[in-house]
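As the structure lists them, so they are numbered: ligands from 1, and atoms in each ligand from 1. Counting from 1, the numbers follow the sequence of the chain as shown. Predicted, not measured: the structure shown is a model, and the values here were computed from it.
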Amino acid sequence: MIVISERINGLFTSVMKAIDNRDEKFIQDLAVSQVEAGAGILDINTGPGVDNAPEIMTWLVKTVQDAVDVQLSIDTPKMDAMEAGVKAANKKVVINSTTAEAAKMGIMFPMAAEYGSDIICLTLDETGIPNDANARCEFAMIMVAQAMELGIGTERIYLDPLVLPVGAAQDQGPKVLEAMSMFKALADPPPKTVVGLSNVSNNTKERPLLNRTYLVMLMANGLDAAITDPSDRDLIAAIKASEVLLNKSLYADDFLRA
Ligand code: THG
């Protein structure tokens, strides 16, 4: 499992404050602690409603990569902020994300091709959020086909079925699991899969319990990467236990410490 840290995100009040103050030390300490906790990739998001998103994204990327040496995932719906982040990075990034909207694909895939980036493909388009597993697979096929035309191999693609809050769209929980189980069969070599895990517990009680329970279910259906908070030790323990039970890592008596 690839853990993508969700914490470098202006959605969090403390991070928003640090961005406003251009507080490099706060961001860098957070980045280091997320990598030490097990993050293999850091998701970088300026947060909602900033009007100078390209400048902030550039500052965040440079600040983070001065402190840690991991891949970054540039998380923004804004084309100009995306390009700023991809350009500021000193290694290949994950573009987070394109959707199946023609206008978005027409910019994001050429950018991924030009810079050699990996790219997250969210399975929706301008008509809205998909209602079932088949709709998610149809969007996935459109994006996989367009990426392949530009020479972006499927191993560089992360398909994201779009996890929704269980309190608002409870019926989508099993549908996302079904889509996850279908994604791997859509191309050869199979695309990777990713989710924004904490979406599932937005505005609910017992967030960590819901997050780690759903993560285990997603892993059983082929999840490769999760945008989540690795400082949650119970979550990391559930990942390690799942990897043993799915025969992805060798059982040893000290598997939790390994
Ligand atoms: N797919 C992809 N990218 C994504 C998502 C996805 N990026 C954004 C999001 N979803 C994943 N990241 C987060 C980050 C934070 C939270 C949820 C998902 C979160 N934050 C607290 C909240 O809103 O309650 C902040 C609370 C605080 O201020 O401390 O839940 O699905 N590809």
Side-chain angles (χ1 to χ4, degrees), residues 2-20 26-27 30-31 33-34 37 39-50 53 57 60 71-78 81-82 85 93-101 104-105 108 112 117-125 128-130 136 139-140 143 147 156-169 172-173 175-177 179-180 183 191-212 214-215 218 223-232 235:
I2 304 166
V3 174
I4 305 176
S5 164
E6 71 180 9
R7 288 289 283 107
I8 314 286
N9 189 324
L11 201 65
F12 294 94
T13 317
S14 58
V15 175
M16 190 180 36
K17 250 174 67 188
I19 290 172
D20 285 346
F26 181 94
I27 299 292
L30 182 57
S33 72
Q34 291 284 293
I41 300 176
L42 300 180
D43 192 66
I44 309 289
N45 188 315
T46 62
V50 293
M57 185 61 86
L60 273 175
Q71 190 177 29
L72 304 182
S73 158
I74 311 299
D75 186 0
T76 174
K78 295 179 180 158
M82 181 64 73
V93 302
V94 182
I95 289 177
N96 185 10
S97 52
T98 188
T99 65
E101 294 165 81
K104 197 139 218 197
M105 288 193 294
M108 294 305 187
S117 318
D118 299 333
I119 184 164
I120 296 177
C121 298
L122 266 178
T123 57
L124 64 137
D125 72 2
I129 289 165
R136 288 177 164 89
F139 289 130
M143 291 184 281
R156 282 165 60 193
I157 293 176
Y158 290 86
L159 295 177
D160 183 335
L162 190 65
V163 167
L164 296 166
V166 69
Q172 294 298 311
K175 292 175 178 177
V176 163
L177 295 177
M180 184 61 57
F183 280 168
K192 294 195 182 88
T193 56
V194 66
V195 296
L197 186 64
S198 310
N199 299 1
V200 80
S201 62
N202 250 316
N203 291 313
T204 69
K205 301 285 180 201
E206 308 289 355
R207 290 195 75 172
L209 174 64
L210 289 170
N211 289 349
R212 69 178 179 267
Y214 202 43
L215 183 68
L218 288 158
L223 184 70
D224 295 307
I227 306 170
T228 186
D229 185 353
S231 66
D232 179 343
L235 181 87

Which one of L197, V195, V194 satisfies the side-chain contact (heavy atoms from CB on, under 4.5 Å) criterion with I227?
V194
Partner of L72 by side-chain contact (heavy atoms from CB on, under 4.5 Å), out of L60, I44, V94, I8
I44
Which residue and atom name correspond to the protein heavy atom nearest [atom], and how close is it?
{"atom": "atom 16 (C) of ligand 1", "answer": "L11 CD2, 4.0 Å"}
{"atom": "atom 29 (O) of ligand 1", "answer": "F12 CD2, 3.3 Å"}
{"atom": "atom 13 (C) of ligand 1", "answer": "E6 OE1, 3.7 Å"}
{"atom": "atom 31 (O) of ligand 1", "answer": "N199 ND2, 2.6 Å"}

Taking atom 21 (C) of ligand 1 as the point of reference, which of R7, M16, R207 owns the nearest heavy atom?
R207
Between the candidates N96, V15, I95, which shows the shortest non-hydrogen contact distance to atom 3 (N) of ligand 1?
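Among N96, V15, I95, the closest heavy atom to atom 3 (N) of ligand 1 belongs to N96.
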Pairs of nitrogen or oxygen atoms closer than 3.5 Å, one from N9 and one from ligand 1: do any exist?
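N/O-N/O distance below 3.5 Å does not exist for this pair.
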Looking only at distances, please establish whether an N/O atom of ligand 1 is found under 3.5 Å from an N/O atom of S198.
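No, no N or O pair falls under 3.5 Å.
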Assess, by modelled atom type and distance only, whether the side chains of D75 and N9 contain a donor and an acceptor separated by less than 3.5 Å.
no
Are the side chain of [X] and the backbone N or O of [Y] linked by a donor-acceptor pair below 3.5 Å?
{"X": "R156", "Y": "I119", "value": "no"}
{"X": "N202", "Y": "P165", "value": "no"}
{"X": "T123", "Y": "D160", "value": "yes"}
{"X": "Y158", "Y": "N96", "value": "no"}
{"X": "R207", "Y": "S198", "value": "yes"}
{"X": "D224", "Y": "T193", "value": "yes"}

Against ligand 1, does D75 come closer than 4.0 Å with any heavy atom?
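Yes, D75 has a heavy atom closer than 4.0 Å to ligand 1.
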Side chain, backbone, both or neither: which part of D160 comes within less than 4.0 Å of ligand 1 when only heavy atoms are counted?
side chain
For ligand 1, the portion of N202 having any non-hydrogen atom under 4.0 Å away:
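Just the side chain.
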Within a distance under 4.0 Å of any heavy atom of I227, pick out the atoms of ligand 1 and give their elements.
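Those atoms are 2 (C), 3 (N), 4 (C), 11 (C), 32 (N).
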Suppose I only count heavy atoms of T13 and a 4.0 Å limit; which atoms of ligand 1 are within that range?
28 (O)
